Q: 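First the structure, which I've put down as structure tokens, then a few questions once you've had a look.
Since the model is a prediction, treat every value here as computed from it, not as a measurement. All chains are named by letter (A, B, ...) in the order of the sequence lines, taking the proteins before the strands, and each is independently numbered beginning at 1. For the numbers below, each heavy atom of this structure counts, side chains included, while hydrogens, waters and symmetry mates do not.
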Amino acid sequence: MNLGKAIIAGFFVWTLSAAGAQAMSSAGTGPMIPEFKEGMAASEGKDFATAEARLKAAVEKLPTHVESWSLLGYVSRQLGKIDDAFKYYDKALSIDKEFRPALNYLGHLYLELGQIDKARATLGRLDDACFFGCPEYDDLKAAVAAGKSGKY
Amino acid sequence: MIRALAFSLGVLVAVAGAPAPTAAEPTVTREAFRRPDAAPHPGYNPYSPAKARLGKVLFFDPRLSGSNTISCAHCHNPELGWEDGLARSFGEAGEALARHTPTLLNLAWGRRFGWDGRIATLEGFVLGPIANAHEMNQDLDALVGELRAVAGYRPLFDAAFPGEPPSIDQISLALAAFERTVTDGGGPFDRWVGGDETAIGAAEKAGFRLLVGKAGCVQCHKGWNFSDGEFHDIGVAGADPGRGGLDGADPKLRHAFKTPTLRDISKRAPYMHDGSLDSLEAVVDHYDKKFVRRPTLAAEIRPLSLSAQEKLNLIAFLRILTADEKSLSLPLIPQ
């Protein structure tokens with residue numbers, strides 16, 4: 001039994017799938033401002049420094065743009081700025097407390113920090129936010145299960 | 001204090017009467033090896049003495065394993081440089097783990113955890129060994145129940161996390177906070193860096209010059225902690241893909257592992273991710289010429305043609321990286 005392999009499997013599946021999570025949301029309703037579009041393209045191309053700059057420009061222009069705050073959180077996390085990531089998810093969720101991508105990212109961030117109970121609570125919020133099921137819920141649910149079993 | 005710190009390698013070499021470094025050799029100052037004063041703690045898990053104390057007790061408590069027989073210290077023994085002296089350790093399942101137990105020294109400065117760096121935070125790492133069937137094989141929810149039932153834990157959790165019942169989250173935060181206090185504390189090498197010329201001997205100084213010069217170790221074993229925190233294939237034989245085995249990894253990272261610190265290295269045999277080299281002599285022979293040549297081998301790894309005396313000097317230097325004895329009081333396990 002290869003311990004390394006087993007350990008890697010679960011963890012990286014969600015790390016990578018989180019990158020696509022924003023795209024699969026249908027919860028966003030805000031306007032598609034160019035700075036956000038550029039930020040999203042940069043994030044998808046893994047150019048997180050550029051993404052951070054464009055998304056900061058986006059929220060400066062439109063401080064209620066929940067998609068931008070949420071993605072800015074994700075991008076900050078990729079840049080290793082964990083405290084910033086929390087701040088931006090909070091901001092997104094203060095604008096729309098049911099914004100699914102932000103809840104999904106936040107749940108993953110908690111897992112990454114070994115905060116399994118907080119991740120479960122976030123999964124509960126996501127469950128409420130998508131009553132009839134949604135990809136973000138399935139994604140976070142699988143990750144919470146994997147985190148709980150040590151298959152991180 | 002700053003006085004004697006500005007020695008460049010050039011100066012050191014010149015003093016010893018050896019040829020000046022070539023252009024290809026890095027100019028390394030002693031200042032580049034100066035220890036930071038305090039370990040950093042992140043904003044999402046600020047340090048408190050009570051939290052670190054709880055983490056320390058948890059670290060030594062065998063209740064953290066399914067059978068209540070194995071604590072973290074079973075594999076990460078402070079007496080053995082926070083390792084276990086085995087090539088590969090045994091957990092609850094009784095079979096050898098896939099990799100050698102690494103040290104926990106100076107992880108507060110780490111950026112990625114595990115030999116392959118698969119986890120980005122200490123808080124995220126510490127629950128893994130508890131829940132992993134091959135290591136401690138303990139259900140995390142059951143563990144919280146078990147610890148809540150121990151009267152002696154109540155004041156420890158209360159002091160660390162006032163007003164919240166014990167939780168998995170707290171176990172992770174406390175263990176990580178404790179691990180950030182695990183540092184080597186410094187020794188003769190650091191006094192020499194600080195300007196005390198008598199702190200280390202001539203052979204050790206010659207070994208240092210090799211490390212930063214001809215032997216090129218400093219290209220990866222950088223700075224006061226002797227690690228760049230990066231991943232390299234240094235030609236240790238074997239099929240373990242290392243960082244290259246992670247999903248979506250660059251194929252060039254096959255066989256790449258995290259550069260370990262060299263602090264307290266003399267206490268930490270056997271060496272490498274598979275524990276395959278049992279002495280510092282074997283390590284130096286490995287770098288001198290015994291490494292496996294393969295396409296992913298790091299460019300810095302090349303035959304060194306070290307003389308017998310140079311090997312001895314390099315080993316003498318590695319041994320001087322052992323910190324001064326500081327006694328770690330073992331905590332009482334709450335009942």
Side-chain angles (χ1 to χ4, degrees), chain A residues 1-20 44-46 48 73-74 76-90 105-123 143-152, chain B residues 42-46 88-89 91 93 95-99 111-116 118-141 144 164-176 239-243 245-249 257 273:
Chain A
M1 173 74 208
N2 183 334
L3 171 70
K5 257 258 136 48
I7 285 179
I8 306 154
F11 186 76
F12 268 83
V13 171
W14 67 253
T15 306
L16 296 175
S17 67
E44 274 163 9
K46 295 200 185 310
F48 297 115
Y74 173 78
S76 302
R77 171 62 204 97
Q78 298 307 307
L79 290 167
K81 301 176 181 176
I82 293 177
D83 292 324
D84 281 356
F86 274 120
K87 196 172 74 193
Y88 296 137
Y89 294 146
D90 256 15
Y105 291 155
L106 180 64
H108 281 292
L109 181 55
Y110 278 135
L111 281 177
E112 214 170 318
L113 294 175
Q115 304 298 289
I116 291 186
D117 295 321
K118 288 209 180 69
R120 283 170 174 157
T122 309
L123 182 63
V144 167
K148 166 66 170 58
S149 67
K151 296 242 169 45
Y152 50 110
Chain B
Y44 54 84
N45 189 13
R88 290 188 297 142
S89 197
E95 48 180 303
L97 299 181
R99 291 179 184 151
R111 292 192 305 271
R112 311 236 27 132
F113 303 94
W115 279 105
D116 52 14
R118 64 189 174 275
I119 307 281
T121 67
L122 268 180
E123 285 77 4
F125 200 102
V126 295
L127 295 177
I130 304 178
N132 189 289
H134 296 267
E135 293 180 63
M136 298 165 89
N137 192 29
Q138 166 73 60
D139 181 88
L140 294 171
D141 290 308
V144 172
E164 299 170 32
S167 66
I168 299 178
D169 296 8
Q170 294 172 4
I171 293 172
S172 138
L173 293 169
L175 278 170
D240 190 330
R243 191 148 177 86
L246 302 184
D247 279 359
F257 295 89
H273 71 274

Q: Under the rule for side chain to side chain contact (heavy atoms under 4.5 Å, CB included), what residues qualify as partners of D84(A), not counting sequence neighbours?
A: S76(A), K81(A), K87(A), Y88(A)
Q: Using every non-hydrogen atom in the two residues, find where Y44(B) and L113(A) come nearest and quote the distance to one decimal.
A: CE1-CD2, 3.4 Å
Q: Heavy-atom cut-off 4.5 Å, strictly under: side chain, backbone, both or neither for I171(B) against chain A?
A: neither
Q: Pick from P42(B), A93(B), G43(B): which one has the most heavy-atom pairs with chain A under 4.5 Å?
A: G43(B)
Q: Under 4.5 Å, heavy atom to heavy atom, which residues of residues 115-122 of chain A contact chain B?
A: Q115(A), I116(A), D117(A), K118(A), R120(A)
Q: Got a sec, which residues hit side chain to side chain donor-acceptor pair (under 3.5 Å) with D139(B), two or more places apart in sequence or on another chain?
A: K148(A)
Q: Quick one: side chain to side chain donor-acceptor pair (under 3.5 Å) partners of E123(B), sequence neighbours excluded?
A: N45(B), R180(B)
Q: Heavy-atom distances under 4.5 Å only: say whether D141(B) touches chain A with side chain, backbone, both or neither.
A: both
